Structure formats: C-alpha cells, structure tokens
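Data first, discussion second: the structure below is written as structure tokens.
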Amino acid sequence: MNRLQASQTECAEEYQLMGVTTAEDVASLQELWVESHQAELAGRITRALEIHEQILSRIGTSYAAYLRAGWLHYQAGGYRRSMHFYVTAMLLSPEDCSPLYGMRNCYAAMGDAEAVARITRVICTTDERGVSRDHQFAV
C-alpha cells in the first residue's frame, strides 16, 4: 500500500467515525483527497489547499485532515497557519509526534533555532523514532 492509499484508508475510517457513512459521501471525500494529492504532486500547492479546504469544511474535525492541512500550508509558505493545523492535530492525537515534526519544520523555515531545539528535545523524549532519526542527522 502506498502513502496515498494509506492516507485514503485512514481518512475513510475517520469519516465513518464522524458519521459520514453513505458510500457516496465517502467516495466523494476520497475523490477530493486524491485530487488534492494530485495537485500537490503536480506542484500546484494553492490548488491542493483549495481542494483540501473542501474536505475540511465537509468533515470538520479530523486528525489526518488537519495534519495534511498543516503540511500543505507549510509547503505554501504559510508557516503560522500551518502551525495552527499542527497544534490542532496534536490535540486530537497527543500520542503521535508527526505534528511536532511539522511544527519543527515551520520553526526552522522561520529561522527560530530556539524553538527548533525545544521541539526536538520534546520529540526525542517522546518518540523513539525521533531519537534514532535525529541521531542520524547529527552523525
């Protein structure tokens, strides 16, 4: 299963938890998800964001959707907006460190070395993957 298929499957499960249960609604949301990814892969980040906003407006609260919104805003250079989505994703799934990695990228892009160091310490104390990954970069 590739990254796009995994994201689609994760979102389909979230849609069902949020009460989006008709096959047509799930299919429509999955189609939007794919369109957003295709736009991103084609380098059309603004278009990917426009499509993703449709997803957010239809499903409301979704960890995967907020995490993706953070990533898309980061790619578009909207670092503060990106961090808003990463913080919201973190609140929805506090055990997952993915939003912290995204926030660290934003702080790095904004040139805030202190915040990068602070978040890296948090990642290293909470995510075994983070320790080994960070160690690779330090070597």
Side-chain angles (χ1 to χ4, degrees):
M1 180 181 303
N2 66 34
R3 187 178 132 217
L4 175 57
Q5 291 169 326
S7 295
Q8 284 180 277
T9 301
E10 185 176 297
C11 280
E13 291 168 1
E14 283 195 47
Y15 300 153
Q16 291 174 349
L17 291 173
M18 290 180 278
V20 179
T21 55
T22 69
E24 295 83 22
D25 286 344
V26 171
S28 173
L29 287 166
Q30 286 179 324
E31 186 177 310
L32 287 171
W33 193 264
V34 169
E35 285 179 40
S36 177
H37 273 275
Q38 289 172 338
E40 175 191 0
L41 292 173
R44 298 181 3 242
I45 302 303
T46 301
R47 180 65 185 139
L49 273 166
E50 290 169 355
I51 296 165
H52 198 72
E53 288 296 325
Q54 292 176 47
I55 294 169
L56 288 171
S57 70
R58 290 176 60 184
I59 62 172
T61 303
S62 161
Y63 170 79
Y66 281 127
L67 192 64
R68 176 148 174 77
W71 170 245
L72 290 172
H73 280 282
Y74 167 77
Q75 288 188 89
Y79 307 124
R80 298 227 181 265
R81 184 81 174 130
S82 175
M83 293 205 332
H84 161 77
F85 285 106
Y86 284 135
V87 167
T88 304
M90 191 170 52
L91 293 172
L92 294 172
S93 187
E95 70 283 352
D96 190 348
C97 287
S98 295
L100 289 171
Y101 285 106
M103 291 172 63
R104 183 173 70 174
N105 291 342
C106 291
Y107 281 121
M110 293 186 296
D112 189 340
E114 235 177 84
V116 170
R118 187 174 59 249
I119 288 180
T120 299
R121 282 191 296 277
V122 171
I123 291 170
C124 288
T125 59
T126 59
D127 185 1
E128 288 181 19
R129 294 172 305 145
V131 173
S132 60
R133 229 168 111 185
D134 288 338
H135 177 73
Q136 290 173 2
F137 290 123
V139 173

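All of these numbers come straight from a predicted model, not from anything done at the bench. Along the sequence shown, residues are numbered consecutively beginning with 1.
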What residues, two or more places apart in sequence or in another chain, satisfy side chain to side chain donor-acceptor pair (under 3.5 Å) together with [X]?
| X | value |
| --- | --- |
| R44 | none |
| T46 | none |
| Q54 | none |

Mind listing the closest non-hydrogen atom pair of [X] and [Y] along with its distance?
| X | Y | value |
| --- | --- | --- |
| A89 | L67 | CB-N, 4.0 Å |
| A69 | L56 | CB-CD1, 4.0 Å |
| I119 | L100 | CG2-O, 3.5 Å |
| A64 | W33 | O-CH2, 3.8 Å |

Which distance, rounded to the nearest 0.5 Å, do you find between the [atom1] of [X] and the [atom2] of [Y]?
| X | Y | atom1 | atom2 | result |
| --- | --- | --- | --- | --- |
| D96 | Y101 | CG | OH | 9.5 Å |
| H37 | L32 | NE2 | CG | 11.5 Å |
| E40 | Q75 | CD | CD | 4.5 Å |
| Y63 | L92 | OH | CG | 9.0 Å |
| C97 | R104 | SG | CZ | 10.5 Å |
| H52 | H73 | NE2 | NE2 | 8.0 Å |

Fill in: Beyond-backbone contact of Y107 with E114, side-chain heavy atoms, under 4.5 angstrom
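Y107 does not reach E114 side chain to side chain.
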Item to complete: For side chain to side chain contact (heavy atoms under 4.5 Å, CB included), just list the numbers for M83 and M110, CA-CA rounded to whole Å, side-chain angles, deciding distance to a tenth of an Å, and then say yes or no.
Response: CA-CA 11 Å; M83 293 205 332; M110 293 186 296; 4.1 Å; yes
Practice prompt. Quick one: list whatever passes side-chain contact (heavy atoms from CB on, under 4.5 Å) with A108, sequence neighbours left out.
Written response: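 With sequence neighbours excluded, A108 shows a side-chain contact (heavy atoms from CB on, under 4.5 Å) to V116, given in chain and number order.
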Practice prompt. Sorted by first residue and then second, give each salt bridge (Lys or Arg N to Asp or Glu O under 4.0 Å) pair with at least one member in residues 48-57; sequence neighbours left out.
Written response: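 Output for this query lists R47-E50.
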Discussion item. Does anything in residues 79-90 form a side-chain hydrogen bond (donor to acceptor under 3.5 Å, both in side chains)? List the pairs, not counting sequence neighbours.
Written reply: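 Qualifying pairs: none.
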Worksheet item: Between R58 and S28, do the side chains contain an N or O donor and an N or O acceptor separated by less than 3.5 Å?
Response: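 A pair is found: one side chain offers a donor N or O, the other an acceptor, under 3.5 Å apart.
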Worksheet item: Is a side-chain donor or acceptor of S36 paired with a backbone partner of I51 at a separation under 3.5 angstrom?
Response: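 Looks like no, no N/O pair under 3.5 Å.
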Item to complete: Kindly say whether M90 contributes a backbone atom to a donor-acceptor pair with the side chain of S93 at under 3.5 angstrom?
Response: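 It does not hold such a pair.
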